Colleague: 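Quick one: this structure, given as structure tokens, is what I'll be asking you about.
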Amino acid sequence: MADMRMFRDEVTGWAGSGSGGPARELAEQLGVHTAVLLEGLSDLAAVEALAAGRGRDLAAEGVCVVSMGGAMSVGRYAALLGPSGLGLRLIGLCDEREKPFFDRGLNPARAPRPSVFVCNADLEDELIRALGPARVEQIVQAEDELRAWQTFTRQPAQRGRPRHQQLRRFIGTKKGRKIRYGRLLVEALAPDQVPTPLDDLLASL
């Protein structure tokens, strides 16, 4: 049975110079009308966790959340999924430093102009600031990574750095950790703690 994961996989293959036929067929079968373009898998985990926490099934709503493997791919994905491709509505979430890629990739001449929600620094920074370093450290401890975290903070390069910056770097130091904490940090948020870019993104869908 076709599902949104299959569609997402076909889109990824298409972006890698594969055939767009299967993606087009699946889009029609699943009623896909919106694509959320994200830089990486940790962003995808965070968006899906927030949607689930609010009782929303984005796939059932016809929304596909896509990890592009980096902001430099946004032009390629926009061409395949936007007005010149499948004709989907495009929404974006990006880091502050990657916004120029989104500005170029999502051609300003297109109408309506795709909405892009920009994180201050990046999504991990937004989530750590929202929760506060003490709460994030509790989550690290609950994940049985307290010893690794303490060892990390003793490294010469980390001495004297603000705690939230240390946590942000720690989350990105091990394969798979960023994805896991993208979900965990979102799940720990109180409703009034959700960072504005993430909150506005979900509200736009």
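As the structure is a prediction and not an experimental result, all values here were calculated from the model.
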Colleague: I'd like to know whether Asp199 forms a side-chain contact (heavy atoms from CB on, under 4.5 Å) with Phe117, so could you lay out the CA-CA distance, the side-chain angles of the two residues, the decisive distance to 0.1 Å, and finally the verdict.
Modeller: CA-CA 10 Å; Asp199 195 35; Phe117 302 95; over 6 Å; no
Colleague: I want to check something: taking the side chain as every heavy atom from C-beta on, are Ile171 and Ile128 in contact at a cut-off of under 4.5 Å?
Modeller: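 Yes - at least one pair of side-chain heavy atoms lies under 4.5 Å apart.
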Colleague: Between Val66 and Leu41, is there shared hydrophobic-cluster membership here, with clusters defined by ILVMFWY side-chain heavy atoms closer than 4.5 Å?
Modeller: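 Hydrophobic grouping puts Val66 apart from Leu41.
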Colleague: Hydrophobic clustering (ILVMFWY, side-chain heavy atoms < 4.5 Å, transitive) - are Val74 and Leu44 grouped together?
Modeller: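 In one cluster with Leu44: Val74, no.
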Colleague: Might you point out which heavy atoms bring Glu10 and Pro22 nearest each other, and give the distance in Å?
Modeller: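 For Glu10 versus Pro22, the nearest heavy atoms are OE1-CB, 3.4 Å.
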Colleague: Atom CZ in Arg169, atom CD in Gln158: separation rounded to 0.5 Å?
Modeller: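 So the gap between those two atoms works out to 7.0 Å.
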Colleague: Any salt bridge between Lys174 and Glu143, counting N to O under 4.0 Å?
Modeller: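 No, this pair does not count.
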Colleague: Is there a path from Phe7 to Leu90 through hydrophobic residues (I, L, V, M, F, W, Y) whose side chains come within less than 4.5 Å of each other?
Modeller: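 Linked within one cluster.
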Colleague: Side-chain contact test, heavy atoms from C-beta onward, threshold under 4.5 Å: evaluate it for Phe101 versus Glu39 and give yes or no.
Modeller: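 With C-beta onward as the side chain, the pair stays apart.
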Colleague: Would you give the length of the straight line joining atom CZ of Arg24 to atom OG of Ser19, rounded to the nearest 0.5 angstrom?
Modeller: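 One finds 9.5 Å between CZ of Arg24 and OG of Ser19.
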Colleague: Just checking, is any N or O donor in the side chain of Arg147 or Gln150 under 3.5 Å from an acceptor N or O on the other one?
Modeller: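 Distance-only check fails for Arg147 and Gln150.
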Colleague: Check whether any side-chain heavy atom of Trp149 sits under 4.5 Å from a side-chain heavy atom of Gln141, and report yes or no.
Modeller: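 Contact flag for Trp149/Gln141 side chains = no.
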Colleague: Is a donor on one side and an acceptor on the other found under 3.5 Å between the side chain of Ser84 and the backbone of Ala79?
Modeller: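 At least one qualifying donor-acceptor pair exists.
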Colleague: Say whether Leu30 and Tyr77 are linked into one hydrophobic cluster, either directly or through other cluster members, by side-chain heavy-atom distances under 4.5 angstrom.
Modeller: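 Hydrophobic grouping puts Leu30 with Tyr77.
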Colleague: Has the side chain of Arg161 got a donor or acceptor atom that lies under 3.5 Å from a matching backbone atom of Gln166?
Modeller: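 It does not hold such a pair.
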Colleague: Where the side chain of Arg8 meets the backbone of Cys64, is there a donor-acceptor pair that is under 3.5 Å apart?
Modeller: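 Not at all, since once roles are kept as given, no pair shorter than 3.5 Å links the two residues.
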Colleague: For the CD atom of Glu126 and the CG atom of Asp95, what is their distance to the nearest 0.5 Å?
Modeller: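 Between Glu126 CD and Asp95 CG, I get 9.5 Å after rounding to 0.5 Å.
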Colleague: Give me the one residue out of Arg180, Lys178, Arg177 that meets side chain to side chain contact (heavy atoms under 4.5 Å, CB included) with Ser42.
Modeller: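 For Ser42, the side chain to side chain contact (heavy atoms under 4.5 Å, CB included) check succeeds only for Lys178.
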Colleague: How long is the straight-line distance from CG of Leu205 back to NE2 of His33, given to the nearest 0.5 Å?
Modeller: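 If we round to the nearest 0.5 Å, His33:NE2 and Leu205:CG are 8.5 Å apart.
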Colleague: Do Gln165 and Arg168 come within less than 4.5 Å of each other through their side chains, counting heavy atoms only?
Modeller: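 No, too far: nothing below the 4.5 Å cut-off.
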Colleague: Heavy atoms, side chains only, cut-off 4.5 Å: are Leu131 and Ile139 in contact?
Modeller: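 When only atoms from C-beta onward are counted, Ile139 and Leu131 do touch, with a gap below 4.5 Å.
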Colleague: Sub-3.5 Å donor-acceptor pair from the side chain of Arg89 to the main-chain atoms of Ala35, do we have one?
Modeller: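 Here the side-chain-to-backbone pair does not exist.
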Colleague: Would you kindly confirm whether Leu81 and Val32 end up in one hydrophobic cluster when ILVMFWY residues are joined by side chain heavy atoms under 4.5 Å apart?
Modeller: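 Yes.
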Colleague: If you round to the nearest 0.5 Å, how far is CG of Leu202 from CD1 of Ile91?
Modeller: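 One finds 11.0 Å between CD1 of Ile91 and CG of Leu202.
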Colleague: Is it true that Arg129 and Asp125 have a side-chain N and a carboxylate O under 4.0 angstrom from each other?
Modeller: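 The answer is yes: the pair qualifies as a salt bridge.
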Colleague: If you round to the nearest 0.5 Å, how far is CG of Asp43 from CD of Glu48?
Modeller: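 One gets 11.5 Å once the value is rounded to the nearest 0.5 Å.
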